[in-house]
Colleague: 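One structure coming up, written as C-alpha cells, with questions to follow.
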Amino acid sequence: MSDDDMKAEVERLRRENEALKKGTSDGVRMKVSEKGAVSVYGMGRFPVTLYKEQWLKLLNMSDDIRAFIAENEARLKVKE
C-alpha cells in the first residue's frame, strides 16, 4: 500500500469514526438487524430488538408506560 493510499485510508477511517460519534448525544443508536428488526444499542449491555409492529405498539403505549413509571416511582431504581 502506497503512502497516498495509506493516508486516504486513515482519513476515511477518521471520517467514519466522527460519523459514528455524532450518532446521538447520549450514545443510543439504531440499526436494522439481519432478520429485519429494529435494534437499539446503548440502553444496556445488550441491544433491545423488536420488529416494526412491536415498536409501534410500544410507542403507542408511551403515555401508559409514563403513567406506570410515575405510579411506581418509589419502587423503581435508577441505573447510573
Side-chain angles (χ1 to χ4, degrees):
M1 191 179 260
S2 72
D3 274 352
D4 289 340
D5 291 339
M6 186 71 74
K7 288 178 185 177
E9 179 67 8
V10 168
E11 186 57 36
R12 184 190 69 77
L13 290 171
R14 282 189 181 134
R15 283 193 308 271
E16 184 179 315
N17 192 30
E18 283 303 313
L20 290 170
K21 286 180 183 178
K22 286 182 183 174
T24 57
S25 61
D26 57 4
V28 177
R29 68 190 199 301
M30 294 175 279
K31 78 173 212 177
V32 177
S33 73
E34 290 180 16
K35 293 184 177 182
V38 177
S39 295
V40 178
Y41 292 80
M43 300 282 293
R45 183 173 179 184
F46 299 103
V48 177
T49 303
L50 298 172
Y51 289 100
K52 177 179 72 172
E53 65 276 3
Q54 293 172 308
W55 279 113
L56 294 174
K57 185 175 184 179
L58 191 61
L59 289 169
N60 287 336
M61 293 178 58
S62 66
D63 291 337
D64 296 333
I65 294 169
R66 290 177 190 277
F68 181 85
I69 290 171
E71 291 168 12
N72 293 281
E73 185 70 38
R75 296 174 33 204
L76 296 172
K77 296 184 180 184
V78 177
K79 183 173 179 172
E80 302 197 24

Colleague: Hey, what do you get for CD (Glu9) to CD (Glu11), rounding to the nearest 0.5 Å?
Modeller: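 Reported to 0.5 Å precision, the distance equals 11.0 Å.
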Colleague: Do other residues, nucleotides or ligands put more than 12 heavy atoms under 6.0 Å from the CD atom of Glu34?
Modeller: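 Atom CD in Glu34 is not crowded, with 12 or fewer foreign heavy atoms closer than 6.0 Å.
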Colleague: Please round to the nearest 0.5 Å and tell me the distance separating atom CZ of Arg12 and atom CG of Asn17.
Modeller: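 If we round to the nearest 0.5 Å, Arg12:CZ and Asn17:CG are 11.0 Å apart.
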Colleague: Check each of Leu58, Val40, Val38 against Leu50 using the side chain to side chain contact (heavy atoms under 4.5 Å, CB included) test, and report the only one that passes.
Modeller: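 Of the listed options, the one satisfying the test is Leu58.
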Colleague: Can you measure from CE (Met43) to NZ (Lys79) and round to the nearest 0.5 angstrom?
Modeller: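 Output value for this atom pair is 10.0 Å.
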Colleague: Could you tell me whether the side chain of Leu56 reaches within less than 4.5 Å of the side chain of Tyr51, counting heavy atoms only?
Modeller: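 No; the side chains remain at least 4.5 Å from each other.
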Colleague: Quick check: are there more than 12 heavy atoms from other residues, nucleotides or ligands sitting under 6.0 Å from CG of Asp3?
Modeller: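 Open.
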Colleague: Consider only side-chain heavy atoms of I, L, V, M, F, W and Y, link residues closer than 4.5 Å, and tell whether Leu59 and Val28 are in one cluster.
Modeller: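 Each belongs to a different hydrophobic cluster.
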Colleague: Can you measure from CE (Met6) to CG (Asp4) and round to the nearest 0.5 angstrom?
Modeller: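 Between Met6 CE and Asp4 CG, I get 11.0 Å after rounding to 0.5 Å.
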Colleague: If you define the side chain from C-beta out and look only at heavy atoms, does anything of Met30 sit under 4.5 Å from Tyr41?
Modeller: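 No - every pair of side-chain heavy atoms lies 4.5 Å or more apart.
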Colleague: Just to verify, which of Asn72, Ile65, Asp64 counts as forming a side chain to side chain contact (heavy atoms under 4.5 Å, CB included) with Phe68?
Modeller: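 Result for side chain to side chain contact (heavy atoms under 4.5 Å, CB included) with Phe68: Asn72.
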